[in-house]
A.B. asks: 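Mind looking over this structure? Questions follow.
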Amino acid sequence: MSHQDIRGVIVGSANARVGFPAAIEILRAGGSAIDAAVAAVRAVEDDLDDQGVGTGGIPNILGQVELDASIMDGRTLAAGAVGAVKRYPHPIEIARKVMEVTPHVMLVGEGAELFARYHGFEPADLLTPEAEQAWRAVVGGEATTRSSVYEDSYQLYMQAVKDWVKLLHKEIFGTTNVIVRDLNGDIACAVSTSGWGFKWPGRLGDSPIIGAGNYADNRYGAAACTGRGEMAIRCASAHSVVMYLRHGLSLEEALRQAMLDLRQLDDPFAERHNVMNIVAMDRHGQVLAASTSSEATYVVQTVEMETYEERPRLHVPLHEV
Ligand code: ASP
């Protein structure tokens, strides 16, 4: 079968569209997939209306915004990630720095913040009045950094989680996924999130975990996830898509199989309608995305296109219908 080889292409979760102009400009100028992916994600991190990524993200149970991000270079399988980072608005750039200048892949919490400070990243206040209000409406109380709150916050946490399950996807969840193939044919994948709204402090989802929420390998393709990160961790979903591609499945089959794998999970928190989503690209630059929701979309743009195109995702319900 002959494949059309697409170079200079970007695919992402629907919210990534705000980052496409910056990424496309870099690609058109012959820039790298890594540069384009970081530029796109950075723009989403700066989008104050997006309550699932960067500044403006929904905080944890204590009212603190904690960010996670990861990046993977499909040429070399180099990867960088940060988790539970407070006060730094561009975790994707810190993740890139981890990949480029350390012998590590992942830094979390205070250590990641210390690393960011050493490398000259500027701290900022990430909690917007809107996100604080959303937090207050569900959790109640005052935003605080006092650790004594931990003592009786377990009850609060369980209540918030119960309430969260009832809330709409767009209000509480959110992550951005960006996969880029540059004009050289190199692939990079970048993910950034404020995680599960009202999460327990220190909780990491799939987004900073290479293999769970992010994976890229020039030889086969790339995948990234949004949704209930615990599921993507348990199934290593992003890596699964790439493995299925490696084993010869088509892009659609690989995505479908990775989604079907989720059905094995016994998960009392997966009651929501829109629980898992994956965007993917094969090694030829063909793109597709899947979701447990029939309404979810993704966005794609090539360097030849004037603007992005929004497309429906392949629908793979979590339960057999
Ligand atoms: N996957 C993210 C997480 O579990 C959240 C999301 O995509 O909505 O942290």
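Each ligand, and each atom within it, is numbered from 1 in the order the structure gives.
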A.B. asks: Just which atoms of ligand 1 are under 4.0 Å from any heavy atom in G195?
C.D. replies: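 Within the 4.0 Å cut-off of G195, ligand 1 contributes 9 (O).
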A.B. asks: Heavy atoms only: which of R203, M231, E230 is nearest to atom 3 (C) of ligand 1?
C.D. replies: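 Checking each option, the heavy atom nearest atom 3 (C) of ligand 1 is found in R203.
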A.B. asks: Can you find a non-hydrogen atom of G213 under 4.0 Å from ligand 1?
C.D. replies: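 Distance cut 4.0 Å: G213 fails for ligand 1.
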A.B. asks: More than 12 heavy atoms of other residues, nucleotides or ligands under 6.0 Å from CD of E100: yes or no?
C.D. replies: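 Count over threshold, so yes.
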A.B. asks: Should we say atom CD of E110 is surrounded by more than 12 heavy atoms from elsewhere, each under 6.0 Å from it?
C.D. replies: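 Open.
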A.B. asks: Can you list the atoms of ligand 1 that are under 4.0 Å from a heavy atom of G174?
C.D. replies: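 In order of number, 5 (C), 6 (C), 7 (O), 8 (O).
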A.B. asks: W196 heavy atoms, cut-off 4.0 Å: which ligand 1 atoms fall inside?
C.D. replies: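 Answer for ligand 1: 9 (O).
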A.B. asks: Which atoms of ligand 1 sit under 4.0 Å from any heavy atom of D206?
C.D. replies: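 The list of qualifying atoms is 1 (N), 2 (C), 3 (C), 4 (O).
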A.B. asks: Under 3.5 Å between any N/O of G205 and any N/O of ligand 1: does that happen in this structure?
C.D. replies: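 No.
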A.B. asks: Assess, by modelled atom type and distance only, whether the side chains of T193 and D68 contain a donor and an acceptor separated by less than 3.5 Å.
C.D. replies: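 No - no donor-acceptor pair under 3.5 Å links their side chains.
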A.B. asks: Taking everything shown except R219 itself, do over 12 heavy atoms lie less than 6.0 Å from its CZ?
C.D. replies: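 Yes, because the 6.0 Å sphere around CZ of R219 holds more than 12 heavy atoms from other groups.
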A.B. asks: Does the N or O separation between T193 and ligand 1 drop below 3.5 Å for any pair?
C.D. replies: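 No - when backbone and side-chain N and O of T193 are compared with those of ligand 1, no distance drops under 3.5 Å.
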A.B. asks: Going by the order shown, which atoms of ligand 1 are within less than 4.0 Å of some heavy atom of T226?
C.D. replies: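 Heavy-atom distances to T226 below 4.0 Å select 7 (O).
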A.B. asks: Checking D73 side chain against R75 main chain: does a donor-acceptor pair fall under 3.5 Å?
C.D. replies: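 The answer is yes, because a donor-acceptor pair under 3.5 Å joins these two groups.
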A.B. asks: Does any N or O in the side chain of E253 come within less than 3.5 Å of the main-chain N or O of S250, such that one atom is a donor and the other an acceptor?
C.D. replies: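 Here the side-chain-to-backbone pair exists.
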